[in-house]
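Quantities reported herein were computed from a predicted structural model and do not represent experimental measurements. Heavy-atom basis, side chains included; hydrogens, waters and symmetry copies ignored.
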Amino acid sequence: MRFVADLHIHSHYSMATSRDCNPENLQQWAIYKGITLIGTGDFTHPGWREELQTKLEPAEEGLYRLQPDFRRPDEEHPPGSLPVRFVVTGEISSIYKKDGRVHKVHHLLI
């Protein structure tokens, strides 16, 4: 199976992110953009983890889908498109100084 993925996602629990960064809206925007695999981001945050456990259900191995109760009634996938799936992800940001310059390296955890 081939995916168009966005794995660098942050939840509404992250600083400087929209309160609309929830599974329902992430799925809706993924449909608009043709994205079929979304990283959950922030999997270590207890509130976000609880929300994900409430709103997502297992799909294929290692992937999750939004439960029907949380899907928008007007949600429509374009004909022939793949359904949106979620994969549990997080990020470690390594920030260090070298030669007087600050460097940031982001590591994605899947």
Side-chain angles (χ1 to χ4, degrees):
M1 188 178 281
R2 297 176 115 181
F3 295 101
V4 174
D6 185 351
L7 302 175
H8 191 186
I9 297 287
H10 291 283
S11 71
H12 57 91
Y13 291 97
S14 291
M15 291 176 51
T17 58
S18 170
R19 66 179 182 272
D20 294 333
C21 281
N22 57 47
E24 303 93 297
N25 287 322
L26 291 172
Q27 175 158 309
Q28 189 63 48
W29 280 101
I31 293 168
Y32 292 151
K33 296 177 178 183
I35 295 169
T36 54
L37 182 64
I38 307 170
T40 61
D42 305 331
F43 78 91
T44 58
H45 191 285
W48 183 236
R49 199 168 47 244
E50 183 179 330
E51 184 172 346
L52 294 173
Q53 289 171 337
T54 299
K55 295 180 177 179
L56 301 181
E57 64 185 12
E60 298 79 23
E61 186 175 345
L63 302 177
Y64 298 85
R65 65 179 157 244
L66 193 60
Q67 290 187 29
D69 291 349
F70 296 100
R71 295 183 192 144
R72 295 179 178 203
D74 61 344
E75 185 178 290
E76 230 179 273
H77 291 270
S81 68
L82 293 173
V84 175
R85 295 294 187 248
F86 291 83
V87 63
V88 177
T89 61
E91 178 182 281
I92 296 174
S93 182
S94 301
I95 302 172
Y96 63 96
K97 270 190 172 180
K98 181 178 179 182
D99 299 326
R101 296 184 65 191
V102 174
H103 300 270
K104 295 180 184 180
V105 179
H106 295 284
H107 303 276
L108 179 65
L109 305 172
I110 299 177

* Asked: So, Thr36 side chain and Phe3 main chain: donor-acceptor pair closer than 3.5 Å or not?
  -> no
* Does the side chain of Phe43 come within less than 4.5 Å of Leu109's, by heavy atoms? -> yes
* Minimum-distance pair of heavy atoms, taken over all atoms of Ile35 and Ile38 -> CG2-CG1, 4.2 Å
* Validation row: Thr40, Val87 side chains within 4.5 angstrom (heavy atoms) -> no
* Asked: Can you name the closest pair of heavy atoms from Gly41 and Trp48 and give their distance?
  -> O-NE1, 2.9 Å
* Does the ring centre of His12 sit less than 6.0 Å away from the ring centre of His10? -> no
* Asked: Taking side chain as C-beta onward, heavy atoms only, is Leu26 less than 4.5 Å from Asp6?
  -> no
* ring-ring contact (aromatic ring centres under 6.0 Å, His included) partners for His107, two or more places apart -> none
* Asked: Which heavy atom of Glu51 sits nearest a heavy atom of Asn22, and at what distance?
  -> OE2-CB, 3.6 Å
* Under the side chain to side chain donor-acceptor pair (under 3.5 Å) rule, what pairs show up with a residue in residues 95-104, not counting sequence neighbours? -> none
* Using atom types as modelled and distance alone, determine if a side-chain donor or acceptor of Asp42 lies under 3.5 Å from a backbone N or O of Thr44. => no
* Decide whether Val88 and Ile9 are clustered together by the hydrophobic rule: side chain heavy atoms of Ile, Leu, Val, Met, Phe, Trp, Tyr closer than 4.5 Å, transitively. => yes
* **Check: Arg85 and Pro83 side chains under 4.5 Å, non-hydrogen atoms** => yes
* **Same apolar cluster (I L V M F W Y, side chains within < 4.5 Å links), Ile110/Leu52** => no
* **From CG (Asn25) to CZ (Arg19), nearest 0.5 Å** => 11.0 Å
* Please report the closest heavy-atom contact between Leu66 and Pro23, naming both atoms and the distance. => CD1-CB, 3.8 Å
* Asked: What residues form a ring-ring contact (aromatic ring centres under 6.0 Å, His included) with Tyr13, not counting sequence neighbours?
  -> His45
* **Point-to-point distance, once rounded to the nearest 0.5 Å, from CZ of Phe70 to CZ of Arg65** => 14.5 Å
* Each residue besides Val102 in its hydrophobic cluster should be listed here, by chain and number; the cluster joins Ile, Leu, Val, Met, Phe, Trp and Tyr at side-chain heavy-atom distances under 4.5 Å. => Ile95
* Same cluster for Ile31 and Val4 if Ile/Leu/Val/Met/Phe/Trp/Tyr side chains link at under 4.5 Å? -> yes
* To do: Looking only at non-hydrogen atoms, find the nearest pair between Thr17 and Ser11 and report the distance.
  => OG1-O, 2.8 Å
* **CD-CG distance between Gln27 and Leu56, expressed to the nearest 0.5 angstrom** => 9.0 Å
* To do: Determine, for Arg72 against Glu24, whether the closest basic-nitrogen to carboxylate-oxygen distance falls under 4.0 angstrom.
  => no
* Among Ile, Leu, Val, Met, Phe, Trp and Tyr joined by side-chain contacts under 4.5 Å, find the other residues sharing a cluster with Trp29 and list them by chain and number. => Tyr32
* List the atom of Leu7, the atom of Thr89, and the distance in Å for their closest heavy-atom pair. => O-OG1, 4.0 Å
* Nearest-0.5 Å distance, CD of residue Glu57 to CZ of residue Phe86 -> 11.5 Å
* Asked: Who are the salt bridge (charged side-chain N to carboxylate O under 4.0 Å, His left out) partners of Glu91, not counting sequence neighbours?
  -> none
